[in-house]
Structure formats: C-alpha cells, structure tokens
A.B. asks: 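Mind having a look at this structure? Questions to follow.
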Amino acid sequence: MKPLILLVTLFVLAPCVRAQQSDLITNTENRKTISLDGQWQIIVDPYESGYYDYRYQPSNNGYFKNAKPKSKSELIEYDFDKSATLKVPGDWNTQMDQLFFYEGTVWYKKSFDYLPRLDTRVFVYFGAANYVADVYLNGEKLGRHEGGFTPFNFEVTKLLRDKDNFLVVKVDNKRRRDAVPTLMTDWWNYGGLTRNVKLIETPGTFVQDYMVQLQRGSRDRVSGWVKLAGDKLAQKVTIRIPEAGVNKSFATDANGLALIDFSADFKLWSPESPKLYDVTIEAETDQVRDQIGFRSLETRGTDILLNGKPIFLRGVCIHEEAPLRGGRAYSREDAVTLLSWAKELGANFVRLAHYPHNEFMVREADRMGIMVWEEIPVYWTIDWENPATLANARNQLSEVIARDKNRAAVVIWSMANETPLSDPRLTFLRNLITHARSLDSTRLLSAAMERHYLDPKTQMIDDPLGEFLDVLGCNEYVGWYDGLPEKADGIEWKSKYQKPLVMSEFGGDAAFNNHGDSLTRWTEEYQESVYKHQIGMLKRIPFLRGTAPWILMDFRSPRRPLAGIQDYWNRKGLISDRGERKRAFFVMQAWYRELNQNQ
Ligand code: GCB
C-alpha cells in the first residue's frame, strides 16, 4: 500500500476501531445476571476521611477495606454493618432528609455470596452512579468511572469468593467547573447509585457488543458489526432473524471483530407500527438475543424522512424525574408512566433532557413507538479549552451510543444544550460531532442552540455549529423570559441553513391549580397563553419539523426557590409533580391532534 493510501485508510478506519473497543457489555436486559439491588449499607463522608488520611494523601486503609476490629483494643472508626442503609437503585437526596441538599461523598457497601462456576466470567455492572464512582471488591480497587448518567462495568471473576464478598463504592457528586455537566445546571444533582447494579455472567469468550441496524439511507440493507471478548477471538458468528428469514454467518478476525452486511425484507419500525424483531447473535461460545426494530432516517432539505416519508416530530422534553414520588426515575414503571403521558399529549417523539436517561426509557420507547432524542450533559458553560473535559464528554457520548445504538426509537444524538458562541466551543463540539459520526453513522445529529434577534420582529438561527448538524435544535422562551405571551404574534423566524428545525424548548411556569388572568405570572392561565401564542408563531415557521415544549412534568431544581410557588421545583411542566394536567397540557394536546390528522 502506498504511504498516502495507508495514511488515509488508517485515518478512516481509526474511529471505527476505537468505537468497537469499548469494554462496555451491552444489552444487559437479555443476559444472565444476578441483581445487587436492594438495601446497601452507607457511610456519609463529607470530608472523605474514608479515602484520604489526615495529610490529605490517599490512604491504603480506607473504608473500602470494610475493616472490623480484630481485638477489643483495635481502633477502627467506621463500621458499615452498623451504619444506615439506602435503597439501590435510588438517589440519596430523596431517601434521607439530611441528604436532601448534600453534595459530596457517600460510601456504599453490599455483601453477597457467590458460587463461582467453571468457565464463567463475571462482571459487575452499574447502570449509572452520579457522579464519580470508585469501585472496590473485597478490598481491591476495580476502577473509577466519571459521568453520572451512563453505564460501566468491571470484571471481577478472579476476585470473587464463595462467601462474604463485599462490594464497596465511593460515590462523589460534588460539582466541578471542569466536569460534564459543569457547576451550573437547572436540575437537581441527585447523587448515588441511581440505577440498577448487577453481576453479569458470561462464557470465557462472549459477544460483548454488536450493531445491527439499517445502513443510513437504506430500507433493506443491514450493516454493522459483532465484537467478541475473550481468548478465542476467531470464531463463526451467525445472525438469525427468523421472522425476516435471516440466517447469515460471518467470521470474526483476530481481534474478535466481524463486519456484518445483509439484506432482508423488513416491516419497518415507525410510531404507528413499532415492529421489533427477535434477533439472535450466536457465536461458537456464546449467544445473545435482542429485540430490534429497523427503520431508515435521513434529511432532505428541510425535511426529516422516516422510512422515506417526511415526518413532523410531535415531541415533549422529559427530565429523569420520577413521576408522582419525585427523585431520580429508575424503573420500567417510571418509564412507562412518563412515556404514556407523552403519548396522551399526542407525542410521537420525546427529548430526553439533559443527559442520558436510564435504559428502560429507550427500551420502552422502542416498544411504544416513540422517537427519541438523546443527549449528553454538555450544558451551558462547559470548560471548553480543557482537554480532560473534552475526553470526559467524548466518553459519555461513547457510552450512551454503545448502550442505545440498536434502538430504532433513537433518531437523534444531541451534542449540547444552549452553549455560548466561541471558537473553543465550536472546536469542542465539532470534535464531538466527528466522534458521534464515527461511532454511529445512522442517526441524525443535533444540538439545542440559541438564537438572536436581527430586529425586534425577526429571530435568526445562524450559530456556526448549524453547519455541522443534520437537524437544527433551538430553545426559545418568547412569552416567558422574553417578553409577554403576545410578543410571539409578531415574530418571524429565519435560518441561515437549509435544514430542518426542531424547536427543542419553549414554555413557561405555572403552579398547578394556581389561577388568575392570563397576564399573572405563575398561573395556569399565563402558561396557557404562552402556549397559545407560541403555537401561532410556530405554525408560521416554514422549516419547522418538530417541537419539544419544556417540559412534560415539573422537576426539582436548586435554582428555583420562590416559596409557595416553586419551592425548588421548576414549574414549567405541562403536568405537575403529582401527575395533575395543567391547562397548557390540553392546548398542546389539541395542536398535536390537529397535526396528527394532517400528517
Ligand atoms: C433552558 C434550559 C433548561 C431550563 C429551562 C428553564 O433553556 O435548557 O434546562 O430548565 O431553560 O426552565 O429555564
């Protein structure tokens, strides 16, 4: 190969190879697992004295040793087994009054027995831990994970014993300027082991990850890959989709990677008919099953095409706030409740703000026929020039794409929310875009951007980021932060780009059952008026292809202290935190019904 060709080939291949080298085990729903959910012993450690000694040096004898006095004279100043407990999954803030505003370290400990089996590897898997997790088994460090909303796993095969294993996790949710998200957000910094924890059992060499999706632009050609992990990497792998008559074999290479490619006549996935196929990925040493939908996705000019047909995304934004009880949502029931409310609104699309939600949300959206926008918490004023911050954002993006790339429901990966214009910010976000495309060439990329006024009646979308996106996202609060509701009547929208626009946020606050006239802030009538005028304006935007009002349900935010109204809740929900529909809900619902009939 000529050097130039070699160089170009390496450049093109490099991202794909990197993409397939993540060691995350995906599709945990269909694997052999042992749940570690339930009550865990905890120690609240605001000074991190279980980690650092009194000279602020990491200690060899931290709480991760789970030590017990061996004699009546020995001094040990902690005891997990006499400490309080917290339920996992679950945030700590809503489980203990003293922890409501707490930001810092909490140590978790779970003891369990395990009967090892020959030729079985075992991994401990965390759905998420907010924000930094240091994980130890039987006193040995397994590793550290940063990022509060994506899964991670560590192998524990060699450390496990039959009796009294103790898994200890130090979870620290202190906000940091260089973290993702950074210091300032408009949601609650719920800390802890917020999602399921489990042991995953696999054979010695196993199907670690795979991508089985239609090629971009195609409605019958699947292209993707299967990746094995272990020491018997060269194997035959077979993809079976009995209902579509698919039974194709491929060979993995010395790295355990097989590229796959085949055609089939699929009944395509859509919100009207969310068809999922049973797919089996069978290697010589392992087999996993999944339920996968197939659909195509493209843009043409200002249109978004699903299965070749233009669609309008009738959406709504959702935070991962638990319906009815508050706190972080984590269960399948939470997901079904939130998505059913979105459906009741008339939505065929949800924006999962502002970070990756738990996997149930995406799995249920797949089953219920709801298209999904997923995003990472690159929110507001990120530390754009810090290489570690970029590496962190890239990693969170890799992890959510690794987890959800086989879900037909996911139509958009969004890179960022309301980030202020600057060259370093553009460089940072372009890097994320290139990364996302290298990991998944099939989804549309977007970002929720800001806009500005050209004159008092013209809003302009010309953020330079727009050039690199497939779909423009835009947040605007005409009628709430920007004038009174009627202001929307006179506004026209322009865009520098011939691309589809999703209005990714708009709305206003109302406390449920707070009534007054339509100019009185915080009343349902004011919020209703915001929506009425917004809808009038939105209808006049020729390149609008989707809307996601802010937001389905009220959610906790430390930035919202107004007593008697907010009480630390952002009240822009169309539904209250107790599940009551506000007047604006019905305004939006009526418009979505109208749109649905005309589509
Ligand atoms: C926004 C943010 C969102 C906030 C919302 C608000 O623009 O993207 O995270 O919660 O406004 O309520 O102010």
Side-chain angles (χ1 to χ4, degrees), residues 130 148-149 175 179-190 315-321 326 328-329 338 350-357 373-382 412 414-421 425 429 446-453 459 461 463 465 471-485 488 501-512 521-524 526-527 530-531 534 538 546-562 565-577 582 584-585 588:
N130 191 38
F149 303 96
R175 285 168 296 130
V180 181
T182 180
L183 294 169
M184 185 61 95
T185 67
D186 187 25
W187 69 84
W188 208 266
N189 183 19
Y190 290 121
V316 64
C317 296
I318 305 182
H319 255 298
E320 198 186 33
E321 184 87 40
R328 268 276 166 268
L338 291 168
V350 290
R351 173 182 178 210
L352 301 184
H354 278 303
Y355 39 74
H357 289 208
W373 156 316
E374 286 207 85
E375 67 191 63
I376 51 170
V378 174
Y379 180 93
W380 290 354
T381 46
I382 290 288
I412 289 175
S414 173
M415 304 295 109
N417 181 76
E418 286 182 2
T419 51
L421 305 193
R425 167 262 195 184
L429 296 182
S446 191
M449 301 183 291
E450 292 180 339
R451 75 274 131 20
H452 64 96
Y453 280 96
Q459 293 263 26
I461 300 173
D463 181 333
L465 184 64
V471 173
L472 309 171
C474 182
N475 298 351
E476 51 89 8
Y477 282 89
V478 179
W480 185 256
Y481 297 120
D482 176 7
L484 296 176
L501 169 68
V502 172
M503 205 61 94
S504 38
E505 286 182 29
F506 55 93
D509 291 61
F512 174 73
R521 292 268 175 181
W522 316 110
T523 62
E524 285 195 45
Y526 188 107
Q527 187 191 40
V530 169
Y531 274 80
Q534 276 282 341
L538 292 166
T547 47
W550 191 255
I551 187 168
L552 182 68
M553 190 187 81
D554 292 351
F555 60 96
R556 277 213 180 82
S557 168
R559 300 181 79 240
R560 311 291 175 175
L562 182 63
I565 299 281
Q566 294 177 315
D567 301 313
Y568 296 107
W569 288 83
N570 183 314
R571 296 287 182 201
K572 293 192 186 67
L574 293 168
I575 299 180
S576 78
D577 55 296
K582 303 180 196 170
F585 180 93
M588 205 58 211

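Below, all heavy atoms of this structure are taken into account, side chains as well, without hydrogens, waters or symmetry copies. Whatever order the structure lists ligands and atoms in, that order sets their numbers, starting from 1.
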A.B. asks: Considering only non-hydrogen protein atoms, determine which one is nearest to atom 4 (C) of ligand 1 and report residue, atom name and distance to 0.1 Å.
C.D. replies: Asp186 OD2, 3.2 Å

A.B. asks: For ligand 1, which atoms sit closer than 4.0 Å to a heavy atom of Arg560?
C.D. replies: 6 (C), 12 (O), 13 (O)

A.B. asks: Got an N/O contact under 3.5 Å between Asn417 and ligand 1?
C.D. replies: yes

A.B. asks: Pick out which of Trp550, Tyr568, Trp187, Trp569 makes a ring-ring contact (aromatic ring centres under 6.0 Å, His included) with Phe555.
C.D. replies: Trp550

A.B. asks: Do Tyr531 and Phe506 have side-chain heavy atoms sitting under 4.5 Å apart?
C.D. replies: yes

A.B. asks: For ligand 1, which atoms, with element, lie under 4.0 Å from some heavy atom of Asn475?
C.D. replies: 8 (O)

A.B. asks: Give a yes or no on whether a salt bridge exists between Asp509 and Lys582, defined as a side-chain N under 4.0 angstrom from a carboxylate O.
C.D. replies: no

A.B. asks: Taking the cut-offs as 6.0 angstrom to the six-membered ring centre and 45 degrees off its axis, would you call Arg559 and Trp188 a cation-pi pair?
C.D. replies: no

A.B. asks: Among all protein heavy atoms, pick out the one at the shortest distance from atom 8 (O) of ligand 1; state its residue, atom name and that distance to 0.1 Å.
C.D. replies: Glu505 OE2, 2.7 Å

A.B. asks: One thing to verify: whether Glu505 and Lys572 come together as a salt bridge, which I'm taking to mean a side-chain N less than 4.0 angstrom from a carboxylate O.
C.D. replies: no

A.B. asks: Side chain, backbone, both or neither: which part of Asn570 has a heavy atom under 4.0 Å from ligand 1?
C.D. replies: side chain

A.B. asks: Compare all side-chain heavy atoms of Glu375 with those of Leu352 and state whether any distance is below 4.5 angstrom.
C.D. replies: no

A.B. asks: Salt-bridge test for Asp554 and Arg560: reply yes if a basic N is under 4.0 Å from a carboxylate O, no otherwise.
C.D. replies: no

A.B. asks: For His354 together with His319, are the ring centres under 6.0 Å from each other?
C.D. replies: yes

A.B. asks: Got the closest protein heavy atom to atom 7 (O) of ligand 1, with its distance?
C.D. replies: Glu418 OE2, 2.3 Å

A.B. asks: So which protein heavy atom does atom 12 (O) of ligand 1 come closest to, and at what separation?
C.D. replies: Lys572 NZ, 2.6 Å

A.B. asks: Against heavy atoms of Phe555, which atoms of ligand 1 measure under 4.0 Å?
C.D. replies: 10 (O)

A.B. asks: Tell me whether Trp187 reaches ligand 1 (any heavy atom closer than 4.0 angstrom to a ligand atom).
C.D. replies: no

A.B. asks: Is it the side chain, the backbone, both or neither of Phe506 that has a heavy atom closer than 4.0 Å to ligand 1?
C.D. replies: neither

A.B. asks: Are any of the N/O atoms in Tyr481 less than 3.5 Å from those in ligand 1?
C.D. replies: yes

A.B. asks: Out of His354, His319, Glu450, indicate the one that has the non-hydrogen atom closest to atom 9 (O) of ligand 1.
C.D. replies: His354

A.B. asks: Could you check Ser504 against Asn475 for side-chain hydrogen bond (donor to acceptor under 3.5 Å, both in side chains), going step by step and ending with a plain yes or no?
C.D. replies: CA-CA 5 Å; Ser504 38; Asn475 298 351; 2.7 Å; yes

